[in-house]
Each structure stands twice: as C-alpha cells, then as structure tokens.
Amino acid sequence: MLAGSYLNQKRVRERYDIIGFISSGTYGRVFKARGRTGQVGEFAIKKFKPDKEGELQYTGISQSAIREMALCTELSNPNVVHTVEIILEDKCIYIIFEYAEHDLLQIIHYHTQTSRPAIPPMVIKSILYQLLNGVLYLNRNWVMHRDLKPANIMVTSAGAVKIGDLGLARLFYKPQATLFAGDKVVVTIWYRAPELLLGSRHYTTAIDLWAVGCIFAELLSLRPIFKGEEAKMDGKKSVPFQRNQMQKIVEILGLPTVDRWPLLKHMPEYGQLSNLAQGNSRVLNPVGLEKWYTSTVAHNRYVVPNSSPPGTKPDVPGRDGLALLQGLLEYDPMKRLTAEQALQHPYFPTNQAERDVLGKNCFAWSFTDYPNRRVSSDDNDIRTSSLPGTKRGGLPDDSLRPGKRLKE
Amino acid sequence: MENPLPDPRPPGSGPDAIMVPAKHFYTEAQIQLRLQQIGMDEAKDMPARLQGISMLDDVRKALLMPQRTLNTAIQIFHRFRLLHAITVESGYVLIEVACACLLLAAKIEDTLKKPREIVCAAHNMGKASSEHINSDDPILEASSKNIVALERQMLEAIAFDFKFKSPQAITTKFGRKYCGFTKEDNQTSWHLAVDIYRTWGPLKHTYTDIALACCELAGRLLEKDMTVYETEHRAKLYGNYQCSRLIVLEILLDLIDLYQHHRNTTKWGQKYPPELWTSIQSSLESERAAANLPRYRLSPQEAENLAAARENREPRNFTNPGRPIGSQSQSAALMAAIGARSQTGTVRFLFNSEAAREEERVVSRFFEDVYEEVEVEIDSDGNEIPGTERPVKRSRLDRGSEMGPSGTRDE
C-alpha cells in the first residue's frame, strides 16, 4: 500500500560531513561527523539499523530506539550526553549527539600497557564524582540506565564525563508489569548486580550503583573486577542462571547471607547459591574486598592505605575509597548506597568549591595526553548497509569485551 | 565525464529540511484548520474517528493491553488524522492505521507486541473461534508489512514526542480526595475520562484539565452534592493546575456533544437518558453565557480562523497588533510540507524551539513570496482596460515570519 520505495537518501550528509566510523552494536552504527551548515563542534551520529541489515523480519522502529529518543530529548544534564536532533529518513533514523573524544574503556586500556602508571587517584575521584552526578540526575528523574559500563561512559577532551547510550534505559515510575517482563536481560554481564543474577523480577536503581561500583574497581585495577563468562541463552525460552559470573563475585566478596541480605531467600535462583562451591574452592575462601583493594592499590604503586598517615593525602585512593567501594558493592540492594548517599561519602570533599573543581575537568590531575578516539575513515559510508550478519570491525578492543547484550 | 568538483548534495533538494518542533497541544482552531487543509472537516472525520477508536479498543482488549496503551494509541491516531485523510482516495485502510497506532503505542508504553500479533488480533475480531487464525498465518503477511510501513508516518505525526499522560488515574484521585466519591462513583468519572478520547480533548488539554472536568461531570450525572468541591476546592485546584473555568467548560461541552450525537458509540452515553444530557448542556451553556466566556479557548485570530474553517471560507486577517499573522500560513506550510513530502524526504526533529525558530527565520527569507493582487477592469469582451489596475489591499506571505502562534500551549 503506502510502503513507498526505498530511495537512497543522503539527506543526513547535507547537514553533516561524516568523518568516519566509530563503532557498531546491536542497535546499529555510530559515526563521527562535523556540521556542514555552521554547527559548532563535532557530533556523533547514531544510525539505527534499517530493515535491510541483519534481521529477517523488520519490525519497525525498535523499542530501544523509542526509549532512547524519548529519554534523550527530555534529559538535560552536564553529565549526560546531549542530544542535538533526530533525523528521520526513509526507514532510517539517526540521533545526533554531541561528540566526546574519549570513553572510560579507552582510558583504562591506555593505562593497561605495562610501561604506563595507573590512573592518578584524583582523576579517578573526579570521574566517579561526575559519573555519580549523572546517575543521580537519571535516578531522580525516574530513569534507570541499565547498561552502565566503561564503554558507555564518555569523557570529552575538556574532561567532562558524560553518560551515554540510553538504549536500555527506561522509566521505572509505576511500571505496568515487572521490569523483568519487559526485558529479560539487562546490563552487560560483568556489571550486572547480584539481584539480577539471582533472577529478581523487580529491581531498583540500585543496579546502576552496583555497576558504578564495578566501574570504580575497574578504574583502580584496570581490569574488570568480576570478569565472568556469560551463559548463553539457548532455546530462547528461559534465562539461564549466570553461574560463572556469580562465582566471580563470590570469589571476592564471599557468599551473600540471609543475615546481611534478608530478602535473599526469596530470590528465584536462591537455590543455586548452595552448589556454587562445587568444583570451585575459591568460592569458600573468598579474597575479601579489603584484601583485593589493598593489593590492587599496592600493585598500582599507590600508597598502601594501611600505612598511610591519618588524614590521607588526596592523591591516594585511601581508606575512604575502600569504604565507598564496599558501599557500592553491597549485596543487599536496599542497603547499597544510592547515588545521593555516594556523593555525600567522605571519599569526596565536603567543601563545595573543591567539589565544583572535581565536577569540572577530570584531566586537571592527569599527566597523560590520551590518544583521540580511533575513527576508521575508510568506512565512512553512512548510506550503504553491510551484508546481513556481518559485523564491521570496530575497535580492536571490541573482541576482548562482551560488547553484546542479550535482548529478548 | 567526471565533474572536477563533485557536489555532494543531491540536485534539487529544497530547503535544508523540514523541522517540526514538538508540539504537544493544539487549539480547536488549529485542529479544524488542519482538517480543512487535508480536505476534511469535523463531520467527515467523525465516522473514521469513532470507528477507528472502537477498533483500537477491541484489538487492545484482545491483546490484554492496558488502558494506558489505548490512550497513547488514540493520541497517535488523532495526530495522524490531522496530517492524513483516511478516505478511499487516500488509500489508507482504517484497520491498518489503527493497528499501526497500537504497534507504536505498545512500544512506547512498554507493552510490546509483534506487528503480526496485532494484525492477527484485528483479523480474528468478531469471528467465531473456529475461524480464528494464528499469528503465523501467511494471510497476515501483507498487512503486517503495511502497518510497519505506516509506523514511520505515525512517528512524523507525533514528531518524536513520546510523552503522553493518561488522565484516568488522576481523575479518580481527584474524585476521592476532593469530591468525596466512592469507588463506585469513581467508575463513572473513570469512564468519562476514557470517553474523552473520542473527542479532540486529549490534544487540546492537559491530563489534569481533563481530570477536573470529568470529576465535575460525574458529580452532575450522579447528582452528588458538589457544593464543598465548588466552594472549597475548585478555585484552588484550578490555580494549582493552571486550569480555568473556560477550559473546563470547553471539555464538558465537547464531551456532552459527543454523548448527545454519538450516544451509541460511547461507553457511558447510553447509561443516561438523552434529556439528562440536554439539561446538563443547557445549564452549562447558560453559565457560559452569563460569564461571557467563549466556547473555545482561542485568540481572536484563531476564533476567526475557526469560524472560517467551519464555513469553509478564507479567514479574514485580524488586525490585532502584537499577534503574529504569519502563524496560520505557517502551520499550513508546515503541514503541506509533511503531507506532500510523501515517503521519500527527510524530516528533522529539533528539540530546542529557540534554535528551530531561528533557523526557520533564516530559511524563510529565501522562500518568502510576497505578491500583490491587482484588480483590473475589463471590457465586455473580457480584455483588460489599460490603466485601470488597482491594488487589492491584501498581501499574502507563503511562509510566515514568526513561529509559534501565541495562545497555544506548548509544553
């Protein structure tokens, strides 16, 4: 009837010069662009998958795109990526974002090279402060991000931290059904909170704070703290218990107990906890977060918190850092720190002037010039679609990371 | 034949693009004007509207979707009908339009359904269970493709504005808190807030305006003593929610219009005898006349536009200083652009209305068409008599100079 033929429109290119390809994901692809008609600065263009790519059956605009657009156009905060406009072409939708030169994943990777020092403690503090500010803004406005991870936290060249990719985010104000009913799997596996792993049907913004805790740990140690392997969904019917991921958490934090987490035994996968130790002795002899923290800090040649004098120097992660990390990686979601509480934590200064400095530029304490985002210029054709099922080669890092998140 | 300096722009593209600053509310005049621009009017629109909404309601019930999804689907359906006439000539099939509205609404409201499931539910509607088919039946292939194709036009119609508020819950809350309604009383106010979606109400008024009006009407229907509400709560509530008597009367009269003229298609119209509706209407009308309030909340220019649209004539331009006259031709141009753009162009959606206005101002300079009309006397053979030209005192701007008619409520 009114389907109309697909004309190879290039209207996006009338407004934007595509500089190159940045990355790809389940949603589509992201390009770096410059304005053609006098817009200031650079932009990231997110192109949602048109029907021709990949999937056999085009089912219209994806729900995730709708959520992202609905949220992005209303949200406005210095620590959340700013949306410039939406361009609707024939069966093809683009969201134009402000461009950010770096992201946390890229920064962490830069530091993993053995010859390089760890991320300076004040840089970590500033990143965390800004990140929590963004999370606080989202949570206060009834938005759950549900996919916080280093790759989704952007940092501009001016050192402003910006939360990006709201493709899995949703409003949690008076949901019609359980949040589980909407999306069976949320949050990339390494950053997934224990209540999600244990199959909770209802969950809260506490899942975002667990992810922030994981990111904090990763900034300190330069590798994911709970690097589990994802059990794949087979048969697509039921969601498997993420046994390996749960083990990784328990190996460090120890088993959760009903004492510390009263609602634990009501979790659908509670029964799985008892046989977690089978074939894995480390589950019963957990490292303990304190020991993990101490050895990480020592390994990174930060001053060891135990030996540091009282009234810790600001360039040391310190005891307060450990306490904050413990508060974020708390098993019981009810006891886990909220974004508001975390921002009031003694880890951060109480003096407003100091806080303002912290919130402005995380590179103020950095000795490093981070390389710019890799943009492949040979793949800047925003029009043509790739062959079904093929994935464009993104950053080499992509292969090391579980970039995909399962959607159902 | 290589061009040494290839122009990356495709030839013949018009103004940079069309932008639609999200517009959440319309006035009665804007609605009627839009209908007129697509060759429709209230009378022609009504059958499709009521039938479409019944279909939406039936299909969403079959799919066990909540009221909230229906509300959003109707919001989309209304906005779609302001851009496209659903007639035989236009080629739109009502049931497919309805299904597409529901498809998008389900995505917005987190009650996801596959296009095939929706089309299947629509197909099985009103059929004996022995004739029901499954959602994987090949019969549904074509129409499920069609509704996916229609979705794009739905997105244009709502201009990527996905925030629709439902009035029913707050209606019952107001009823309980301020009018002393019991649970049963609130059934009535709830259903009034459902039926309001069969009018243009949700496009014209906020959800709290609607809730206030529905509580009042429920009170009248149930013959409740509303003196406490009127003396103690009403003024405060109107103030709190930026509502006014004028708005409430407009909603009430719209709703009663619906109940009087389309009793059978509404849930609640049939429950009461026609005389009751007439008596409530006349008491409201006399209140309106006594307070000297207009029927609709409009600017003078809009009131004139509305009268013109109803009588199917060109509106006179009001010489009302300070009110942008371009606003009417503006919306016409915008409308025509989306409507005529068919399926091939690009629509941009900006969310900073200030930036949108500025851009529109710059672009419009290049598309402004100012011309004079002259009257010429002719002789009996129809030839112009030279030297008799007289300018007609009317100039038309094809593109307006200002955006945003005042008197509308942009959120």
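Hydrogens, waters and symmetry mates are skipped; everything else that's a heavy atom, side chains included, is used. Letters A, B, ... mirror the listed sequences (proteins, then strands); counts begin at 1.
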Review point. How many angstroms lie between atom OG1 of A/Thr83 and atom CZ of B/Phe160, to the nearest 0.5 angstrom?
Key: 12.5 Å
Review point. Do side-chain atoms of B/Lys107 reach the backbone of A/Ile61 as a donor and acceptor pair under 3.5 angstrom?
Key: yes
Practice item. Check for a donor-acceptor pair, side chain of A/Gln63 on one end and backbone N or O of B/Leu112 on the other, with a separation under 3.5 Å. Key: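 Side chain of A/Gln63 to backbone of B/Leu112, a donor-acceptor pair under 3.5 Å: no, none is there.
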Practice item. Measure distances from A/Leu171 to the heavy atoms of chain B and classify the residue's part below 4.5 Å as side chain, backbone, both or neither. Key: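 Only the side chain of A/Leu171 comes within 4.5 Å of chain B.
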Review point. Does any non-hydrogen side-chain atom of B/Phe162 lie less than 4.5 Å from one of A/Ile66?
Key: yes
Check your understanding: Are there more than 12 heavy atoms of other residues, nucleotides or ligands under 6.0 Å from atom NZ of B/Lys163?
Key -> yes
